[in-house]
Amino acid sequence: MSKPRVIYWFRTDLRLHDSPALKVALDLEPECLYPIWTWDPHYVYNARVGPNRWQYLLDCQNDLSSSISKLNPRSKLFLMREGPTTLLPKLFNSWKITHLVYEKDTDAYARQRDIEIAKLAHEAGVEVVTRVGRTLWDSDRLVEKNGGKATMTQKQTIAAGDKIGNIPRPIPAPKFLPDPGELNLDFESQKPDIDADLNAPHRSSSDKSYAKIAGPNGDFAIPTMEELGLTPATTPHRGGETIALKTLAAIIKDEKYTATFEKPNTAPTAFEPQATTLLSPHLHFGSLSCREFYWRVQDVVDNYKGKASQPPTSLTGQLLFREMYFAAHAKLGFSFEQTYGNPECKFIPWHLPSKIDPKSGLKTREYIVDSAQADEWLNRWKYGRTGFPWIDAVMRQLRQEGWIHHLARHAVACFLTRGGCYIDWERGLEVFEEWLIDHEPACNVGNWQWLSCTAFFTQFFRCYSPIAFPQKWDREGKFVRRYVPELVHYPAKYIYEPWKAPIADQKKAGCLVKGDGSEFEDGQLKLYPKPMFDFNERKDLCMKGMKKAYSVGLRGNDPKVIDGSWSALFSDGDHPLGRVEQKTRVDVDEKVGRDRKRRGQGTLDNVITKKE
DNA sequence: TGGTTCGTTGAAGAG
DNA sequence: CCTCTTCAACGAACC
């Protein structure tokens with residue numbers, strides 16, 4: 001009998017250590033093993049991915065490829081520039097593949113894609129083998145053990161996990177890898193249909209992502225940022241399994257830090273070094289296995305002589321939040337990613353809601369500009385020009401470095417939604433999707449729902465102040481001075497509220513608080529914007545709005561939300577920026593059309609390009 | 001995994 | 001030594 005010929009399809013599992021799927025591929029004792037990556041057009045054009053995450057991904061691919069080559073110099077990560085649904089069936093045929101092996105993916109898009117791929121493989125007579133390795137427990141089994149319901153608390157998640165059983169110990173990296181087979185590409189390559197490139201704002205030159213299937217030199221090399229036409233990354237954070245394991249080892253070595261870690265007691269204002277592990281992007285790309293992380297931490301905790309911290313605030317507790325969000329996503333699918341149609345989400349009439357495709361019931365890339373004021377606030381928030389130094393510092397750190405502390409995410413998310421602008425959490429989610437190097441669909445959605453008090457968390461009266469909160473951690477304002485350098489010479493007394501500094505002090509500090517952030521200099525003096533609103537006034541209005549929305553008590557799947565008649569339940573005074581027009585879904589679509597016409601394409605980035 | 005206000009309590013210092 | 005004042009520290013109640 002002939003031996004298996006296997007494609008190992010790498011996706012979000014860019015590592016060799018603790019990979020159950022890679023192990024099962026090797027256990028097949030294949031005659032040849034092709035480690036491949038295919039460039040999914042969904043990620044290239046439909047997902048929002050800024051240069052920092054692109055670079056991080058390329059880092060992970062390069063590190064993995066060189067690790068593969070160390071085990072077998074004839075092998076590497078073979079990178080192909082074609083979408084998986086068109087490419088894989090051709091490879092099955094050309095390379096006489098018997099088995100396709102991959103790690104089970106988690107988000108709604110990837111799961112849908114994998115069902116399609118499995119069907120194509122079945123039609124080609126190729127056996128598909130998958131294993132769970134991205135989560136501590138299989139998300140579908142967590143849902144099953146949670147009574148078939150979405151996991152909405154960490155308690156439920158732990159209880160469901162206990163019913164499944166112990167978290168498996170990590171397995172070691174393989175000691176050898178089989179040769180790949182012949183790399184003939186005796187077929188026509190197919191370029192993807194592109195209706196829009198969401199990442200066009202990040203391209204400085206023409207996009208050659210799909211120019212040639214095996215790359216410009218025909219050697220299956222990992223592309224460069226230049227080949228992808230992307231502007232250079234600005235982050236100091238670099239990806240790859242080698243760095244991930246080194247970072248983990250350094251954390252574990254500090255037993256006290258590892259065993260007594262409590263998330264709420266870590267400073268969001270700390271930088272170089274930051275107060276938390278910064279392992280999240282490694283978990284996202286799979287350059288670190290979550291089980292490896294879990295057990296290396298748990299072993300330290302179990303041997304620790306003092307009092308160790310416990311979930312949810314401990315290090316392992318952070319992994320359990322991840323499990324909860326993954327399982328909720330597994331249960332709710334695409335509807336998890338939006339309020340509309342989502343039974344677990346409270347309905348709150350935010351500004352700038354997503355435009356919904358009436359056919360699918362899913363959000364589109366467009367949103368409704370029901371308030372020009374709110375649209376301006378969103379723009380100023382995104383680019384760190386709100387006039388609140390703490391908020392602006394965090395947003396600029398996010399844009400430059402692609403990573404911000406978890407509590408900093410809380411602060412800016414609260415500010416954009418229920419604690420300031422009253423803007424839809426789905427707008428904030430998109431900005432995080434674009435800029436975070438650790439962007440994980442389920443975690444991003446879950447955290448935005450949490451912070452906006454849309455789901456998971458309901459105590460909307462707990463509201464982060466952009467002044468008192470950072471002051472608790474950083475009275476001197478070192479963090480603000482780092483990321484909002486125009487304020488570097490401000491006295492600590494005014495660093496979080498520079499508009500209160502007398503003009504003489506402003507001049508002495510070399511920066512005037514003036515304007516809306518569209519200008520940066522006034523003669524010799526730098527400019528920092530005036531606060532875009534009175535925070536306390538806005539906070540009170542938002543809380544009033546939240547109280548009303550909670551008392552109306554609609555969920556995302558309520559018929560009144562679906563057909564738009566919800567607006568009859570809210571009166572003029574119930575909305576922080578005045579009345580939202582009553583619109584049925586169809587009317588809303590027309591309005592978006594008008595807005596797009598009026599504002600060019602109507603996207604946020606066009607508005608910003610004009611300003612810059 | 002909040003902020004603010006207001007009341008209580010007790011330490012510390014002035015006289 | 002007593003009395004009065006101040007204020008930090010804490011906790012409850014409310015948003």
Side-chain angles (χ1 to χ4, degrees), chain A residues 151-158 257 259-270 274-280 307-325 346 348 388-391 394 403-422 425 428 432 438 443-475 479 495-497 500 531 533-551 573-576:
Chain A
T151 44
M152 298 306 287
T153 67
Q154 192 170 108
K155 213 175 161 184
Q156 289 172 0
T157 310
I158 292 170
Y257 176 87
T260 64
F261 180 96
E262 286 191 278
K263 186 59 131 320
N265 295 338
T266 59
T269 51
Q274 74 290 337
T276 53
T277 68
L278 231 156
L279 288 173
S280 51
K307 194 174 184 297
S309 53
Q310 296 294 318
T313 59
S314 64
L315 270 184
T316 55
Q318 307 312 302
L319 284 177
L320 296 170
F321 277 119
R322 193 172 166 269
E323 295 294 308
M324 173 178 80
Y325 292 142
K346 292 190 163 61
I348 296 149
F388 294 95
W390 159 243
I391 300 296
V394 171
W403 180 90
I404 53 178
H405 186 280
H406 186 67
L407 293 181
R409 301 182 197 204
H410 280 213
V412 297
C414 178
F415 184 90
L416 185 73
T417 58
R418 65 185 167 83
C421 307
Y422 219 69
W425 61 271
F432 275 27
D438 62 18
C443 298
N444 196 31
V445 167
N447 282 327
W448 274 96
Q449 291 179 356
W450 183 299
L451 263 301
S452 61
C453 292
T454 297
F456 297 103
F457 182 73
T458 56
Q459 287 165 291
F460 56 80
F461 42 81
R462 290 191 186 171
C463 179
Y464 290 86
S465 154
I467 293 125
F469 181 72
Q471 240 162 14
K472 197 168 73 184
W473 300 101
D474 181 7
R475 193 153 276 284
F479 178 80
I495 194 71
Y496 294 111
E497 30 192 356
K500 286 191 177 168
F533 45 60
D534 178 317
F535 177 75
N536 287 326
E537 207 174 86
R538 287 295 309 170
K539 183 193 72 181
D540 290 345
L541 283 168
C542 285
M543 276 194 197
K544 241 179 93 190
M546 293 296 291
K547 208 170 165 181
K548 171 70 179 186
Y550 267 51
S551 76
D574 295 331
H575 209 280

**Q** Check whether the side chains of A:Tyr325 and A:Asn447 place a donor and an acceptor atom closer than 3.5 Å, and report yes or no.
**A** yes
**Q** Is any side-chain N or O of A:Lys539 closer than 4.0 Å to OP1 or OP2 of B:dT4?
**A** no
**Q** At under 4.0 Å between heavy atoms, what does A:Phe535 touch on the DNA or RNA strands: base, sugar-phosphate, or nothing?
**A** nothing
**Q** Testing the 3.5 Å rule here: is there a donor-acceptor pair between the side chains of A:Thr266 and A:His405?
**A** yes
**Q** Can you tell me how far P of B:dT4 sits from OH of A:Tyr464, to the nearest Å?
**A** 14 Å
**Q** Does this structure show an ion pair linking A:Lys539 with A:Asp534, if we count only N-O contacts that are shorter than 4.0 Å?
**A** no
**Q** Tell me: CG of A:Leu320 to C1' of B:dT1, nearest whole Å?
**A** 16 Å
**Q** A:Asn447 has an atom CG; how far is it from atom P of B:dT1, in whole Å?
**A** 15 Å
**Q** To the nearest Å, how far apart are A:Asn536 CG and B:dG2 C1'?
**A** 13 Å
**Q** Calculate the interatomic distance between A:Phe469 atom CZ and B:dG2 atom C1'; express it in whole Å.
**A** 8 Å
**Q** Reading nucleotides 9-15 of chain C from the 5' end, what letters show protein touch, with B for base, S for backbone sugar-phosphate only, - for no heavy atom under 4.0 Å?
**A** ------B
**Q** Just say parallel, tilted or perpendicular for the rings of A:Phe457 and A:Trp450, cut-offs at 30° and 60°.
**A** parallel
**Q** Mind listing the closest non-hydrogen atom pair of A:Phe479 and A:Asp474 along with its distance?
**A** N-OD2, 2.9 Å
**Q** Using a heavy-atom distance cut-off of less than 4.0 Å, which residues of residues 452-460 of chain A contact DNA chain B?
**A** none
**Q** Apply ring-ring contact (aromatic ring centres under 6.0 Å, His included) to the pair A:Phe460 and A:Tyr550, showing each step before the final yes or no.
**A** CA-CA 10 Å; A:Phe460 56 80; A:Tyr550 267 51; 5.0 Å; yes
**Q** Once you round it to whole Å, what is the distance between C1' of B:dG3 and NE2 of A:His410?
**A** 16 Å
**Q** List the steps and the verdict of ring-ring contact (aromatic ring centres under 6.0 Å, His included) for A:Phe388 and A:Phe469.
**A** CA-CA 12 Å; A:Phe388 294 95; A:Phe469 181 72; over 10 Å; no
**Q** Find the distance A:Trp448:CH2 to B:dT1:P and express it as a whole number of Å.
**A** 21 Å
